[in-house]
Visitor: 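Have a look at this one before I ask anything.
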Amino acid sequence: MMLRILAAVLLALTLAACNPLESLSDGLRNSEAVATELEQSLGVKPFVGFNIHNGTLSSVTVTFESVPAHATLPEIAAKTRSAVLKAFKQTPGSVLISFKA
């Protein structure tokens, strides 16, 4: 009897853990897609971080190693916003763009 209860608990925990792992896997794939697209359009590959809360994309952080040479700040912001929306397929609560000095 105890073995059946333990098996049921393990099964329930395994099924409950599938959604967060899937969200993490999808988020990593999407962040890499954003970084690749921005590297192609701006010439600098950024680090892209994200925060998902209860299945909702709450924030995306895009950090460039340097300021892209041939783009203005509004162009960088527009291309970043476009790449995030395209890859994640939802609008985040915020998009933070930063540059290392």
Visitor: Given the rule in the side chain to side chain contact (heavy atoms under 4.5 Å, CB included) test, do V44 and E39 qualify, once you have shown the distances and angles that lead to the verdict?
Guide: CA-CA 5 Å; V44 178; E39 181 179 27; over 6 Å; no

Visitor: When rounded to the nearest 0.5 angstrom, what distance separates OG in S41 from NE2 in H70?
Guide: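 Answer for the OG-NE2 pair, S41 versus H70, is 13.0 Å.
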
Visitor: Under 4.5 Å between any side-chain heavy atoms of V62 and L96, yes or no?
Guide: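 Not in contact.
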
Visitor: Could you please spell out the steps behind the side chain to side chain contact (heavy atoms under 4.5 Å, CB included) verdict for V34 and F50?
Guide: CA-CA 11 Å; V34 170; F50 61 94; over 6 Å; no

Visitor: Would you say the side chain of F99 lies within less than 4.5 Å of the side chain of I76, judging by non-hydrogen atoms?
Guide: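 Yes, at least one pair of side-chain atoms sits under 4.5 Å.
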
Visitor: Compare all side-chain heavy atoms of P92 with those of L85 and state whether any distance is below 4.5 angstrom.
Guide: yes

Visitor: Between V67 and F47, is there shared hydrophobic-cluster membership here, with clusters defined by ILVMFWY side-chain heavy atoms closer than 4.5 Å?
Guide: no

Visitor: Is the count of non-hydrogen atoms from other residues, nucleotides or ligands lying under 6.0 Å from E75 atom CD greater than 12?
Guide: yes

Visitor: Under the side chain to side chain donor-acceptor pair (under 3.5 Å) rule, what do T63 and S98 come out as? Steps first, then yes or no, please.
Guide: CA-CA 5 Å; T63 305; S98 61; 3.1 Å; yes

Visitor: Starting at OG1 of T91, measure out to CG of L57 and round the result to the nearest 0.5 Å.
Guide: 8.5 Å

Visitor: For the backbone of A33 and the side chain of T36, can you confirm whether one donor and one acceptor N or O come within less than 3.5 Å of each other?
Guide: no

Visitor: Heavy-atom distance under 4.5 Å between the side chains of F64 and I97, does that happen here?
Guide: yes

Visitor: With rounding to the nearest 0.5 angstrom, report the CG to OG1 distance, L42 to T80.
Guide: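 Going from CG on L42 over to OG1 on T80, the span is 6.0 Å.
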
Visitor: Determine whether K45 and E37 satisfy the following criterion, salt bridge (charged side-chain N to carboxylate O under 4.0 Å, His left out), listing intermediate values before the conclusion.
Guide: CA-CA 9 Å; K45 185 170 184 174; E37 183 173 334; over 6 Å; no

